[in-house]
Amino acid sequence: MAISGFPEWMPAQRIIEQTIIDRARRTFELYGFAPLETRAVEPLDQLLRKGETSKEVYLLRRLQADEKDSSDSTLGLHFDLTVPFARFVLENAGKLQFPFRRYQIQKCWRGERPQEGRYREFLQADIDIVDRDTLPSHYEAELPLIIADVLGGLPIPKIRIQVNNRKVLQGFYRGLGIDDQDEAIRIVDKIDKIGPAGVAAELASLGATEAQAKLALALAEISTPDASFVELVEKLGVTDPLLTEGLAELVNVVETARAHAPGICFAELKIARGLDYYTGTVYETQLVGFEKSGSICSGGRYDNLASSGKETFPGVGISLGVTRLVGVLFGRDALQVSRSVPTCVLVALPAEEDRPAADRIAAALRARGIATEVAPAAAKFGKQIRFAERRGIPFVWFPSPEGDTVKDIRSGDQVDAAAASWSPPSEDLYPAVRGSFG
RNA sequence: GUGGUCGUAGCUCAGCUGGUAGAGCACCCGGUUGUGGUCCGGGAUGUCGCGGGUUCGAGUCCCGUCGAUCACCCCA
């Protein structure tokens with residue numbers, strides 16, 4: 001029986017998911033991120049240190065727990081990888097070299113109501129860079145490039161990375177004279193759901209004047225693929241030091257992305273991100289054609305998350321929602337894989353007595369990196385071929401005293417072959433993932 | 001956590017106002033005593049999501065529950 005929100009994929013789907021994980025890992029390492037895994041649980045007070053996400057957290061309880069036991073603080077499963085990482089950095093600051101860049105690919109848990117692309121247990125592939133005391137803002141420009149690199153090499157729809165900076169919003173609202181800037185950010189962030197009129201209404205109930213609401217909406221409408229958003233903001237006539245600072249940072253991110261990966265990164269002044277530990281740049285990523293499914297890759301800069309009072313480790317990170325990405329695409333049947341098993345070659349079995357010889361052939365192929373299995377039984381060759389065909393295994397190997405042959409069952413071509421030297425075309429070595437979307 | 005829709009064979013679905021479950025595709029066997037995919041013939045298949053209730057009788061009505069999905073919330 002399935003448990004709501006805890007997806008279990010079929011092997012073909014898992015192969016696709018692993019393809020994405022492998023791509024992410026390989027790319028992260030190419031950019032010099034060190035691998036890390038943190039424990040699944042954190043003390044509850046750690047998890048709740050920033051933000052009021054309490055209701056989402058799953059708690060860990062021992063079945064035989066002593067009711068009177070109050071020694072340890074309650075443990076909760078982590079709901080992202082950034083908070084545990086911040087804790088890890090504080091704990092191990094003495095052993096790490098800064099700036100420290102690491103990747104972490106792990107399950108996360110949130111106690112939410114599941115729907116397509118939203119799960120209670122899901123996989124995130126997260127990268128973060130932290131430094132001691134200060135963090136140069138060029139790192140904020142680097143992260144979208146890495147994500148573009150990961151996703152650009154996968155058979156998925158085009159992506160659109162939307163970037164904003166909370167300083168822009170905060171500074172603009174402050175300059176505008178709105179007192180509760182954080183609440184204003186939350187309201188404007190809902191613009192896609194409730195529309196400009198809805199935002200104006202909520203801002204009004206926050207105490208904003210009509211003129212203020214109008215300008216806030218005008219800001220939210222700004223969306224450019226380059227630095228031209230600055231002029232548009234300046235035209236609105238609001239000034240504030242924080243706004244100026246945020247605009248400069250945002251220019252850097254957008255222009256860097258435009259130079260290295262044009263057409264995928266946009267300054268989008270309406271996005272804000274829910275998690276409230278972000279203090280500067282924030283990212284959100286849409287799959288083009290799947291915008292309704294939400295962001296598949298989000299993050300931002302946090303200046304105070306890893307801070308012990310004495311020391312501060314500002315950081316910036318971005319997290320790819322692997323489960324959401326595949327879940328959304330599976331939901332539309334948009335991904336196919338060439339076979340449901342890793343096997344490239346099936347060694348046919350003429351008779352049960354031939355199994356030792358077949359095993360030797362398989363071993364020779366495996367030794368050269370070719371995934372091989374031996375037929376389960378010495379059935380008619382037609383059946384053995386069908387066994388391979390159903391799983392998508394491309395090659396069937398026929399052992400013979402007169403010399404082995406190998407058949408590509410897709411084309412029907414059959415050629416003489418020796419297990420010590422034959423190799424499949426490189427594109428057949430591993431299951432191939434294909435995407436189909438309009 | 002709140003509310004809506006849905007849940008019949010592996011898949012897609014049919015099943016009229018309650019009368020004891022069906023089709024197509026897929027699958028298995030044979031034709032084709034060992035090289036599949038076509039064709040022909042034959043065959044198996046369901047705790048009708050689960051539990052309870054109403055009824056002489058429930059896939060069909062009622063309640064609950066689980067799951068999928070959507071909206072809110074939130075977010076990967």
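We name chains A, B, ... by the order of the sequence lines, and we start the count at 1 in each one. Just the heavy atoms: all of them, side chains too, but no hydrogens, waters or symmetry mates, feed the values below.
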Using atom CZ of A:Arg386 as one end and atom P of B:rG37 as the other, report the distance to the nearest whole Å.
7 Å

Is it true that A:Glu140 and A:Thr281 share a donor-acceptor pair across their side chains at a distance under 3.5 Å?
yes

Candidates B:rG3, B:rG37, B:rU35 - which lies nearest the side chain of A:Phe398
B:rU35

For the pair made of CD1 in A:Ile393 and C1' in B:rG36, what is the distance, rounded to whole Å?
13 Å

Classify A:Glu389 by what it touches in the nucleic acid, base, sugar-phosphate, or nothing, heavy-atom distance under 4.0 Å.
base

I'd like to know if A:Glu121 pairs up with A:Arg110 as an ion pair, taking the criterion as any Lys NZ or Arg NE/NH1/NH2 lying under 4.0 Å from an Asp or Glu carboxylate oxygen.
no

Does a salt bridge link A:Asp179 with A:Arg174, judged by any charged N lying under 4.0 Å from a carboxylate O?
no

Counting any heavy atom closer than 4.0 Å, what does A:Cys108 reach on the DNA or RNA strands: base, sugar-phosphate only, or nothing?
nothing

If I take atom CG in residue A:Asp192 and atom C1' in nucleotide B:rC75, what distance separates them, rounded to the nearest angstrom?
14 Å

Which listed nucleotide (B:rC70, B:rA68, B:rU35) is nearest to the side chain of A:Lys407?
B:rU35

Among B:rU35, B:rC74, B:rG1, the one nearest A:Arg186 by side-chain distance:
B:rC74

Tell me what A:Ser298 touches on the nucleic acid: a base, only sugar-phosphate, or nothing, going by heavy atoms under 4.0 Å.
sugar-phosphate

Expressed as a whole number of angstroms, how long is the span from A:Glu202:CD to B:rC72:P?
13 Å

How many Å lie between CZ on A:Phe381 and P on B:rG34, as a whole number?
10 Å

How close or far is atom P of B:rC75 from atom CG of A:Leu47, stated in whole angstroms?
15 Å

A:Gln115 side chain: which of B:rU33, B:rG36, B:rC72 is closest?
B:rC72

If B:rU35 has a Watson-Crick or G-U wobble mate with both distances under 3.5 Å, name it; if not, just say none.
none

Salt-bridged, A:Asp428 to A:Arg339, with N to O below 4.0 Å?
no

Using a 4.0 Å heavy-atom cut-off across all strands, classify A:Phe387 as base, sugar-phosphate, or nothing.
nothing

Report the residue from A:Asp128, A:Thr38, A:Asp126 that forms a side chain to side chain donor-acceptor pair (under 3.5 Å) with A:Gln104.
A:Thr38

Rounded to whole angstroms, how far apart are CZ on A:Phe122 and P on B:rC75?
11 Å

Looking for any heavy atom pair under 4.0 Å, which part of the strands does A:Arg390 touch: base, sugar-phosphate only, or nothing?
sugar-phosphate

Could you check how far NZ of A:Lys190 sits from P of B:rC73, rounded to whole Å?
5 Å

